[in-house]
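Okay, structure first, notes after.
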There are 2 protein chains.
Amino acid sequence: MRLSTNATAPIGMSSTPRTAKRASEARSPLAAPPRMSDVAALAGVSKMTVSRVLAGRGVAAATRERVQRAIDQLGYVADAAAGALSSGRSAFAAVLVPSLASSNFSDTVRGLTAALEPHGLQLLIGDTDYDLEREERLVRSMLRHQPRCIALTGAQHTSATRELLVRAGVPVVEMWDLPALPIDAAVGFSNAKAAREMVRYLAGRGYRRIGFIGGASELDRRGLERLKGYRQEVKAQGMSERVVRLGDSPITMRHGAPALDALLQRWPDTDAVMCVSDMSAFGAIMQCRRRGLSVPADIAVAGFGNFEVAECCTPTITTISVDAYGIGTRTGETLLAALRENDGANGMPRRAMSTRTPARNSVKIDYTVIARESA
Amino acid sequence: MRLSTNATAPIGMSSTPRTAKRASEARSPLAAPPRMSDVAALAGVSKMTVSRVLAGRGVAAATRERVQRAIDQLGYVADAAAGALSSGRSAFAAVLVPSLASSNFSDTVRGLTAALEPHGLQLLIGDTDYDLEREERLVRSMLRHQPRCIALTGAQHTSATRELLVRAGVPVVEMWDLPALPIDAAVGFSNAKAAREMVRYLAGRGYRRIGFIGGASELDRRGLERLKGYRQEVKAQGMSERVVRLGDSPITMRHGAPALDALLQRWPDTDAVMCVSDMSAFGAIMQCRRRGLSVPADIAVAGFGNFEVAECCTPTITTISVDAYGIGTRTGETLLAALRENDGANGMPRRAMSTRTPARNSVKIDYTVIARESA
DNA sequence: TTGAAAGCGGTACCAG
DNA sequence: CTGGTACCGCTTTCAA
């Protein structure tokens, strides 16, 4: 295969001589694409008028129509890079999530898209794979595109990332958590408190020997917070903790079976299992079936996240519902408000939110225990 | 909420006077970010030398180090828009998938990322939501960023989309299908043939009254192809068809229960169900449990896609395995090869693949029936 | 309402 | 190996 020789060389280092760019002017698919000046010439106006038509500013109706016809005729598409360079304002918004494969985060991205796209912002989406170094690399690479604003996941970042983000001087929102010291603003909830609530729910149902299964990675802060909340509440209730930590994030369905096995091996009399995610809870329930255990009669199982599988599984899975899509839309709205504020005021460019409104930049997202059949 | 007054106005129409851009030169987070000329001045070289250091071209080691120090000291981040404009070459690759929430497609995106990122290409990701008009809008909007290459899903597009794509003059790959007339190149498989294979498998296991459950939408071409394959093979086997079409794409777990109910109501003696997706198959199996039907003893269920749930469900789900991640990496490799070819040759810019190598631009992706417990 | 000129921040090209 | 200059395609600014 052609690629094997030089599989990671940068693409496009060879080049076309500047003067040859418009070499093939013949009307073929290979002809250089039309420029704004081409449109202007065809419509018999100046570039500026074309620019104004595109931006929807004040242009006489007749002129505007003539220009629009020329645009359509040539199939003109404006060059965003040129526009961004000239105006000093890109049309990008950057988003970073730990894993696009997790429906949780893809819902958040969809929510962000829904909020930002109508305002002409194009998302630059990055998948950090729960790796802070990778997050840093992605931030660096996205910053090259001068995004108007940035959304990222969690409160945990390398110090270089924080530095980059602050220096970027654009609104930043941290999602899915409520950091003690946000870089700029946050849209999320306390994963620890949510987990405590689940333990209280289970205790209220009479379960006293409650286990927790989660991932082994120290990088999944939200998972760790949930574990922390479990520990706090178990202690508060005077119960003893039973924790199994196993496997990498993202936690998938495959996680549940071995984790359940490990838990029951160590603490055979466990009467309820709280899982770091619905994915894991589902895997655990399926494993219960294989072991001939009935859920919840023999053992109760609870999840986190209210994924679709929690609703569709038999038994249906008791879980904590978090509005992932809403986190996206709220984040989008928060960023837009900050952009307006920066923009409207004294014209100081690229100001972060925190310089203006230090405090009330945290949006708290609701969550609720959804009581279903499994617990 | 502040946004309610003007929820969809474009952002950033007010502006900062050009001359004020560097108004606050004080060393604060509000100072204008450093430019290449600043780096050059600090290092005592010309901009060109800085540019060469960044590009990793031939620069004397001592000079390079000096420049690098200046870069680090200033925290300089090159502006991608300026670079793209000047060189006539962006660092973007565009991808369009029907739904980011589907693990199938998010895996493909991950594969693409893995293939393209090492070459310095930044993905522009778009979610068409199974809507061809939306796809067209997204293509138009992405084209403004002059992507070096484009990957999109399926063979079905509006004629305007095809026109835009051809005129863009960059390599284009259609994924997840093998169109009779690809725009440029394709990486996929025949969904119809794969479905036929599943019917043959079920027939081979002795099932004769095989139903099909799928979505009602005409927009999900891959779903329709699977249905077509089912119909062809059922006919070939001398069986009669039993088809239920229900609900929108993407098909989720919620689809399975009502679809199974509808199928059994109309054809109560059905002995096997083939589902358009594992999601649906899972929902159907859970519904079987609720109805007191044992799988596969009372009724067999098969899925499509080899999603994680197919492996973790009890019973495990018989399905067709498709390497979604591999579709992404193969697509990436195909695009990279085309970029190299364009680039290396006569320097004609922005040439599509098909102008070179009309035929062998289709990469066929393997699939296999995975026999598990459910059928 | 429209146009002309300047320049955004880099890279190509050629000369030294 | 390094620097000077022109210029990428668009928007800003200011004048008409």
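By convention in this document, chain letters (A, B, ...) are assigned in the order of the sequence lines, proteins followed by strands, and residues within each chain are numbered from 1.
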Item to check | Between dC1(D) (C1') and R66(B) (CZ): distance, integer Å | outcome: 12 Å
Checklist entry - Which nucleotide in the set dC14(C), dC14(D), dC10(D) lies at the smallest distance from any side-chain heavy atom of R52(B)? => result dC14(C)
Next on the checklist: With a 4.0 Å limit, can you tell me whether S46(B) has a side-chain N or O closer than that to the phosphate oxygens OP1/OP2 of dG3(D)?
Outcome noted: yes
Next on the checklist: Tell me the interatomic distance from Q146(B), atom CD, to dG9(D), atom C1', rounded to whole angstroms.
Outcome noted: 10 Å
Next on the checklist: Tell me whether the side-chain N/O atoms of Y76(B) come closer than 4.0 Å to OP1 or OP2 in dG9(C).
Outcome noted: no
Checklist entry - Just to confirm, is there a sub-4.0 Å distance from OP1 or OP2 of dG3(C) to any side-chain nitrogen or oxygen of T49(A)? => result yes
Item to check | Nearest listed nucleotide, side chain of S51(B), among dT11(C), dG9(C), dT13(D) | outcome: dT11(C)
Checklist outcome for this item: When rounded to whole Å, the NZ to P distance for the pair K47(A) and dC14(D) reads 18 Å
Checklist entry - Does the side chain of R57(B) get closer than 4.0 angstrom to OP1 or OP2 of dA12(C) through an N or O atom? => result yes
Checklist entry - What are the two closest heavy atoms between V109(B) and L123(B), and how far apart are they? => result O-CD1, 4.1 Å
Next on the checklist: With a 4.5 Å cut-off on side-chain heavy atoms, are M36(A) and L54(A) touching?
Outcome noted: yes
Checklist entry - Can you tell me how far P of dG10(C) sits from CZ of R89(B), to the nearest Å? => result 16 Å
Checklist entry - When you measure from the side chain of A78(A), which nucleotide among dC10(D), dG3(C), dT11(C) comes out closest? => result dC10(D)
Next on the checklist: Nearest to the side chain of V59(A), heavy atoms from C-beta on, is which of dC1(D), dT2(C), dG10(C)?
Outcome noted: dT2(C)
Checklist entry - In whole angstrom, what separates M48(A)'s CE from dA16(D)'s P? => result 17 Å
Item to check | Most 5' of D79(A) and T63(B) on DNA chain D, judged by nearest nucleotide | outcome: T63(B)
Checklist entry - Any Lys/Arg nitrogen of R140(A) or E136(A) sitting under 4.0 Å from an Asp/Glu carboxylate oxygen of the other? => result yes
Checklist outcome for this item: Here the distance between atom P of dG9(C) and atom CG of L85(B), to the nearest Å, is 12 Å
Next on the checklist: One thing to verify: whether E117(A) and R137(B) come together as a salt bridge, which I'm taking to mean a side-chain N less than 4.0 angstrom from a carboxylate O.
Outcome noted: no
